[in-house]
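The analysis underlying the following values was restricted to heavy atoms, covering all of them including side chains, and did not include hydrogens, waters or symmetry mates. We count ligands from 1, going down the list as the structure has it; atoms in each ligand are counted the same way.
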Amino acid sequence: MATRLRPSSKRCAVIGGSGFLGRHLVERLVDKGYTVTVFDIRQSYTIPGVTFHQGDLCDKQALLKALQDVLLVFHCASPAPGSDDRALFHRVNIDGTRTVIEACQEAGVQRLVLTSSASVVFEGTDIKNGKEDLPYAKKPIDYYTETKIQQEKLVLNACSKERGFLTVAIRPHGIFGPRDPQLVPILVDTARRGKMKFIIGDGSNLVDFTFVENVVHGHILAAECLKAESPLCGQAYHITNDEPVRFWDFMSQVLVGLGYDAPRYHLPYWLVYGIAVLLWFLTLLLRPLVAIKPTFTPMRVALAGTHHYYSCARAKRDMGYQPVVSLKEAITRTVESYPHLRRDVLKGAKS
Ligand SMILES: NC(=O)C1=CN([C@@H]2O[C@H](COP(=O)(O)OP(=O)(O)OC[C@H]3O[C@@H](n4cnc5c(N)ncnc54)[C@H](OP(=O)(O)O)[C@@H]3O)[C@@H](O)[C@H]2O)C=CC1
Ligand SMILES: CC(C)CCC[C@@H](C)[C@H]1CC[C@H]2C3=C(CC[C@]12C)[C@@]1(C)CCC(=O)C[C@@H]1CC3
């Protein structure tokens, strides 16, 4: 007679495991001896021992198949923040997260770790050493932020010690590192089109950029500390590099590391923000005729011209979090991981 083994606490699923953060998380979990199942709309790699389930997280039946015998789930799937598709954000981040919660509860999952975002409290104005008790943004700056707020509320409210279903939300900020499809590629593309000559504002604004391995470390610590008697239940935690840096110094270090010039000329913040808002309206008006994707969106200008850095004291206190890679080392490793985006290489490829 076949005996069914009890699900192991080292068996987990990563929803969004094919993405940038998700794949780093899967790799670390495998290193730590976890048995990992990936659920994602696409499969972008293979790792021996990792099982892939391709599907949409809005499809409960597909999720239920992937969550069999799984006690721990990481949910780090989301449409790309740069997409301006309100319906897609609502479907995936709100309705889809509701489906993830229901599927977890039906499958007997005991712990759910959500990747939220520190931007759930960001309204486009300065945040200095922001703590987790800051109120959610009343006027979220874009559809991404609006739906990340709803998503986080859904997950935290679902936490129930009585039902044996524990939840926690990790709020990283400005994730970067090898294989990131956003920050470095967008930066290099903007520089190659000659648009990275300008500093928006006076350039003194401090921001958190968080190395992907620190974000992964925060997620795994949260999962391992999430117990019925722990303070983590139903709470949100900032995870950062704990080294706020001037936005334009960070950008300059990455650009110079890849052989591009650092931005030098200053432009007034409100002028650039006003132009970005006008451009955004224009793209909305012209959408039926042409699809334009402006580089300087109001969200990006706000992120580039204001202070936004967060305290991770709560994560240090409740889960013993400390960044494992310093900002200096993280920038060096990131720059080295993009040899194909170096100015000399791209120039050579063109000629
Ligand atoms: N990058 C950053 O700076 C920050 C990110 N975050 C959060 O971290 C998480 C991971 O971000 P990141 O790794 O950068 O993003 P990625 O886009 O690289 O990864 C997300 C993954 O989820 C997949 N996905 C999207 N929609 C669905 C769906 N309906 N069903 C199943 N899978 C789906 C994506 O597929 P596809 O690519 O085909 O859409 C992708 O593989 C997100 O929740 C994001 O909000 C938070 C703070 C900062
Ligand atoms: C064109 C330049 C002014 C800026 C180029 C770099 C930007 C692409 C990035 C700088 C800060 C980044 C950031 C995010 C995406 C990429 C940047 C805008 C997020 C919006 C990703 C999703 C989040 O949850 C918050 C991030 C904040 C920082």
Side-chain angles (χ1 to χ4, degrees), residues 14-26 38-45 53-59 62-63 66 74-83 85 88-89 91-93 95-97 99-100 114-122 141-142 144-145 147-149 151-152 155 169-177 179-191 193 195-201 207-212 215-216 218-219 238-240 247-248 250-251 254-255 263 267 272 276 294-306 308-310:
V14 179
I15 302 174
S18 287
F20 163 52
L21 171 65
R23 181 172 171 185
H24 280 276
L25 179 59
V26 170
V38 168
F39 184 92
D40 200 296
I41 206 148
R42 63 186 166 95
Q43 178 174 354
S44 55
Y45 62 97
H53 286 257
Q54 211 169 327
D56 187 329
L57 61 81
C58 302
D59 176 353
L63 275 174
F74 295 92
H75 173 13
C76 55
S78 165
S83 142
D85 188 337
L88 178 70
F89 279 124
R91 193 178 74 78
V92 178
N93 285 352
D95 302 339
T97 297
T99 307
V100 167
L114 171 74
T115 314
S116 179
S117 168
S119 66
V120 294
V121 297
F122 184 63
I141 199 157
D142 57 10
Y144 169 78
T145 313
T147 57
K148 289 297 282 185
I149 295 173
Q151 177 192 54
E152 187 185 279
V155 169
I170 297 299
R171 292 180 179 174
H173 194 56
I175 311 176
F176 73 103
R179 300 193 298 253
D180 166 32
Q182 279 197 101
L183 201 151
V184 176
I186 294 175
L187 190 59
V188 167
D189 182 59
T190 313
R193 288 188 288 118
K195 291 186 181 172
M196 272 321 279
K197 293 189 170 62
F198 303 101
I199 293 172
I200 301 171
V207 170
D208 278 319
F209 286 102
T210 313
F211 191 54
V212 64
V215 179
V216 163
H219 278 70
H238 292 149
I239 290 293
T240 73
F247 180 94
W248 293 98
F250 178 87
M251 293 298 151
V254 175
L255 284 172
L267 284 176
V272 186
T295 310
F296 292 90
T297 60
M299 174 63 156
R300 283 188 194 157
V301 173
L303 287 167
T306 58
H308 42 101
Y309 60 96
Y310 300 84

| said: Please verify the inter-ring angle class for Phe209 with Phe247; under 30° counts as parallel, over 60° as perpendicular, anything in between as tilted. | reply: tilted

| Polar side-chain atom of Trp248 near backbone of Ala304 as donor-acceptor pair, under 3.5 Å | yes

| note | In this structure, atom 9 (C) of ligand 2 is nearest to the protein heavy atom Leu183 CG, 4.0 Å

| said: Please check: side-chain N/O of Thr190 versus main-chain N/O of Met196, any donor-acceptor pairing under 3.5 Å? | reply: no

| message | Looking only at distances, can you tell me whether any N or O atom of Tyr144, backbone or side chain, sits closer than 3.5 Å to an N or O atom of ligand 2? | response | yes

| For atom 4 (C) of ligand 2, the protein heavy atom that lies nearest, with its residue and separation | Phe247 CZ, 4.4 Å

| query | Distance-only, no hydrogens or angles: does the Lys148 side chain make a donor-acceptor pair with backbone N or O of Ala118 under 3.5 Å? | reply | no

| task | Note the single closest protein heavy atom to atom 14 (C) of ligand 2, along with its residue, its atom name and the distance in Å. | result | Leu303 CD1, 4.3 Å

| Atoms in ligand 1 with a heavy atom of Thr115 nearer than 4.0 Å | 7 (C), 8 (O), 9 (C), 43 (O)

| task | With heavy atoms only and a cut-off of under 4.0 Å, state how Ser44 meets ligand 1: side chain, backbone, both or neither. | result | neither

| message | Given Ile41, Val100, Ile15, identify the one with the heavy atom nearest to atom 31 (C) of ligand 1. | response | Ile41

| Would you say Thr147's side chain and Tyr144's backbone share a donor-acceptor pair under 3.5 angstrom? | yes

| field | Donor-acceptor contact below 3.5 Å, side chain Ser119 vs main chain Thr145 | value | no

| Should Ile175 and His24 count as side-chain neighbours, where that means a heavy-atom distance under 4.5 Å? | no

| Least distance between heavy atoms, Arg42 atom then Gly19 atom | NH2-CA, 3.9 Å

| message | Using a 4.0 Å cutoff against the non-hydrogen atoms of Ser119, which atoms of ligand 2 qualify? | response | 24 (O)

| field | Heavy-atom pair of closest approach, residues Ile170 and Ile239 | value | CG2-CG1, 3.6 Å

| query | Does Cys58 come within less than 4.0 Å of ligand 1, judged by its heavy atoms? | reply | no

| field | Over-ring placement of Arg23 relative to Tyr45, 6.0 Å and 45° cut-offs | value | yes

| message | With nothing but distance in play, are any N or O atoms of Ala80 less than 3.5 Å from an N or O of ligand 1? | response | no

| request: Just need the protein heavy atom nearest to atom 3 (C) of ligand 2, so name the residue and atom and give the distance. | output: Phe296 CE2, 3.6 Å

| To which protein heavy atom is atom 6 (C) of ligand 2 closest, and what is the distance rounded to 0.1 Å? | Met251 CE, 4.0 Å

| message | Treating Asp208 as the side-chain partner and Tyr310 as the backbone partner, does any N or O pair qualify as donor plus acceptor under 3.5 Å? | response | yes

| request: Answer yes or no for His173: is there a heavy-atom contact with ligand 1 below 4.0 Å? | output: no

| Phe39 to Ala66 - nearest heavy-atom pair and separation | CD1-CB, 3.7 Å

| message | For atom 15 (C) of ligand 2, tell me which residue out of His308, Met299, Gln182, Arg171 has the closest non-hydrogen atom. | response | Gln182

| query | If you look at every heavy atom in Ala276 and Phe296, which pair is closest and at what distance? | reply | CB-O, 3.3 Å

| message | My understanding is that we take every heavy atom of each candidate and find the minimum distance to atom 22 (O) of ligand 1. Doing that for Ala77, Pro81, Gly55, which one comes out nearest? | response | Ala77

| Distance flag for atom 15 (O) of ligand 1, protein heavy atom under 4.0 Å | no

| Using heavy atoms and a threshold below 4.0 Å, how should the contact between Tyr144 and ligand 1 be classified: side chain, backbone, both, or neither? | side chain

| Heavy-atom nearest neighbour in the protein, as seen from atom 26 (C) of ligand 2, with distance rounded to 0.1 Å | Gly174 N, 4.2 Å

| message | If we only consider heavy atoms of Ser18, is any one of them less than 4.0 Å away from an atom in ligand 1? | response | yes

| message | Considering both backbone and side-chain atoms of Ser117, is one of its nitrogen or oxygen atoms within less than 3.5 Å of a nitrogen or oxygen in ligand 2? | response | yes

| said: List ligand 2 atoms under 4.0 Å from His173, heavy atoms only on the residue side. | reply: 27 (C)

| Which one of His219, Lys148, Arg171 has a non-hydrogen atom at the shortest distance from atom 43 (O) of ligand 1? | Lys148

| query | Which of the atoms of ligand 2 are close to Pro81, meaning less than 4.0 Å from one of its heavy atoms? | reply | 21 (C), 22 (C)

| request: Under 4.0 Å, heavy atoms only, figure out whether ligand 1 is touched by the backbone of Leu57, its side chain, both or neither. | output: both

| field | Per-atom contacts, ligand 2 versus Ile186 - under 4.0 Å to a heavy atom | value | 8 (C)

| Could any protein non-hydrogen atom be found less than 4.0 Å from atom 17 (C) of ligand 2? | no

| said: Parallel, tilted or perpendicular, judged at 30° and 60°: which one describes the rings of Phe122 and His308? | reply: tilted

| query | Could a heavy atom of Phe122 be found less than 4.0 Å from some atom of ligand 2? | reply | no

| remark: In this structure, atom 7 (C) of ligand 2 is nearest to the protein heavy atom Arg300 CD, 4.6 Å

| query | Can you find an N or O of Ser117 that's nearer than 3.5 Å to an N or O of ligand 1? | reply | no

| note | Taken to the nearest 0.5 Å, the spacing of Ile15 CD1 from Ser78 OG works out to 13.0 Å

| Does Pro79, backbone or side chain, put an N or O under 3.5 Å from an N or O of ligand 1? | no

| said: Any atom of ligand 1 sitting under 4.0 Å from a heavy atom of Ser119? | reply: no

| message | Are Asp180 and Val212 packed together at the side-chain level, in the sense that at least one heavy-atom pair is separated by less than 4.5 angstrom? | response | no

